[in-house]
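Just so it is clear, the model here is predicted, and its values are computed rather than measured. FYI, side chains are in, hydrogens and waters are out, and symmetry mates aren't considered; it's all heavy atoms of this structure. Position 1 is the first residue of the sequence, and the numbers go up from there.
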Amino acid sequence: MAKTFRMTRARRLEGRMTAFFIRLGLVPSSMFVLSVRGRKTGRMRSNPVDHVIEGDQRWLVAPYGQVQWVRNARVAGEVVLSRGGRSETLRISEVEPREAAPVLRQYITRGRFSRPYFDVAPDSPVEAFIAEAPRHPVFRVGSPVESASPSQTSKP
């Protein structure tokens with residue numbers, strides 16, 4: 001049975017330290033700081049994430065399940081990914097389990113730290129990953145969000 005994620009003081013500290021090193025660009029290139037507007041407060045919330053690249057497509061995986069950044073991202077439809085002093089605002093869309101399955105397989109194949117939160121092994125059949133997908137939302141990272149230039153905004 002898979003472990004259940006619990007936010008603790010130690011995990012918060014670990015997340016802050018990881019985000020600090022990501023912002024400096026001192027971690028693997030697949031790691032970013034994901035920032036998303038809170039669905040209730042409207043304030044920006046940030047978490048370190050490890051994204052997957054498959055072909056020419058980028059994916060965000062929620063290894064710990066239906067956590068707050070997932071809920072916020074669903075509502076916002078866009079996130080900011082930052083790394084090494086650079087950031088971009090990108091559209092995201094959640095995908096269906098059948099499309100998520102190969103991404104989840106790739107994610108747990110290379111990520112040993114989050115593997116205990118999954119009920120599948122890297123060599124499990126694709127059907128097992130399809131069954132696991134609802135517990136670990138997967139988002140397709142889409143095109144950049146264009147910000148309105150000053151000449152495009154209306155003045156009151």
Test your reading of the model: is there a side-chain donor-acceptor pair from [X] to the backbone of [Y], 3.5 Å cut-off?
X: R135; Y: G65; result: no
X: N72; Y: V36; result: no
X: R115; Y: T109; result: yes
X: R91; Y: V145; result: no
X: Q57; Y: V52; result: no
X: H51; Y: L60; result: no
X: R83; Y: M31; result: yes
X: S124; Y: A121; result: yes

Query - Step-by-step side chain to side chain contact (heavy atoms under 4.5 Å, CB included) determination, S114 to H136 - result: CA-CA 11 Å; S114 57; H136 304 282; over 6 Å; no
Is there a side-chain contact between [X] and [Y] in this structure, where contact means two heavy atoms from C-beta onward sitting under 4.5 Å apart?
X: P137; Y: Q66; answer: yes
X: S93; Y: F139; answer: no
X: E88; Y: S82; answer: no
X: L104; Y: V138; answer: yes
X: V103; Y: F129; answer: no
X: R45; Y: R37; answer: no

Decide whether [X] and [Y] are clustered together by the hydrophobic rule: side chain heavy atoms of Ile, Leu, Val, Met, Phe, Trp, Tyr closer than 4.5 Å, transitively.
X: V67; Y: V79; value: yes
X: I130; Y: I108; value: no
X: V80; Y: V70; value: no
X: M44; Y: L34; value: no
X: V27; Y: L81; value: no

Query raised in the report: For W59 and V95, what are the C-alpha separation, side-chain angles and deciding distance, and is it a side chain to side chain contact (heavy atoms under 4.5 Å, CB included)?
Result: CA-CA 10 Å; W59 305 89; V95 298; 3.6 Å; yes
Query - Separation of R11 CZ from Y64 OH (nearest 0.5 Å) - result: 5.5 Å
Requested in this report: Begin with the C-alpha distance, continue with both residues' side-chain angles, and end with the deciding distance and a verdict on side chain to side chain contact (heavy atoms under 4.5 Å, CB included) for I92 and R74.
Outcome: CA-CA 8 Å; I92 60 163; R74 284 178 176 147; over 6 Å; no
Query raised in the report: Do R58 and F32 meet the cation-pi criteria used here (NZ or CZ under 6.0 Å from the six-membered ring centre, within 45° of the axis)?
Result: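 Yes, cation above the ring, under 6.0 Å and within 45°.
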Query raised in the report: Any idea which heavy atoms bring A101 and V126 closest together, and the distance?
Result: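 Smallest interatomic distance, heavy atoms only, reads CB-CG2, 3.9 Å.
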Show me, pair by pair, the donor-acceptor contacts under 3.5 angstrom made by side chains of residues 12-24, not counting sequence neighbours?
unit_1: T18; atom_1: OG1; unit_2: E14; atom_2: O; d: 2.8

Query - Listed once per pair and sorted, the ring pair (Phe, Tyr, Trp, His ring centres under 6.0 Å) pairs that draw on residues 86-110, sequence neighbours left out - result: none
Query raised in the report: Counting only heavy atoms not in R98, do more than 12 sit closer than 6.0 Å to its CZ atom?
Result: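 Count not over threshold, so no.
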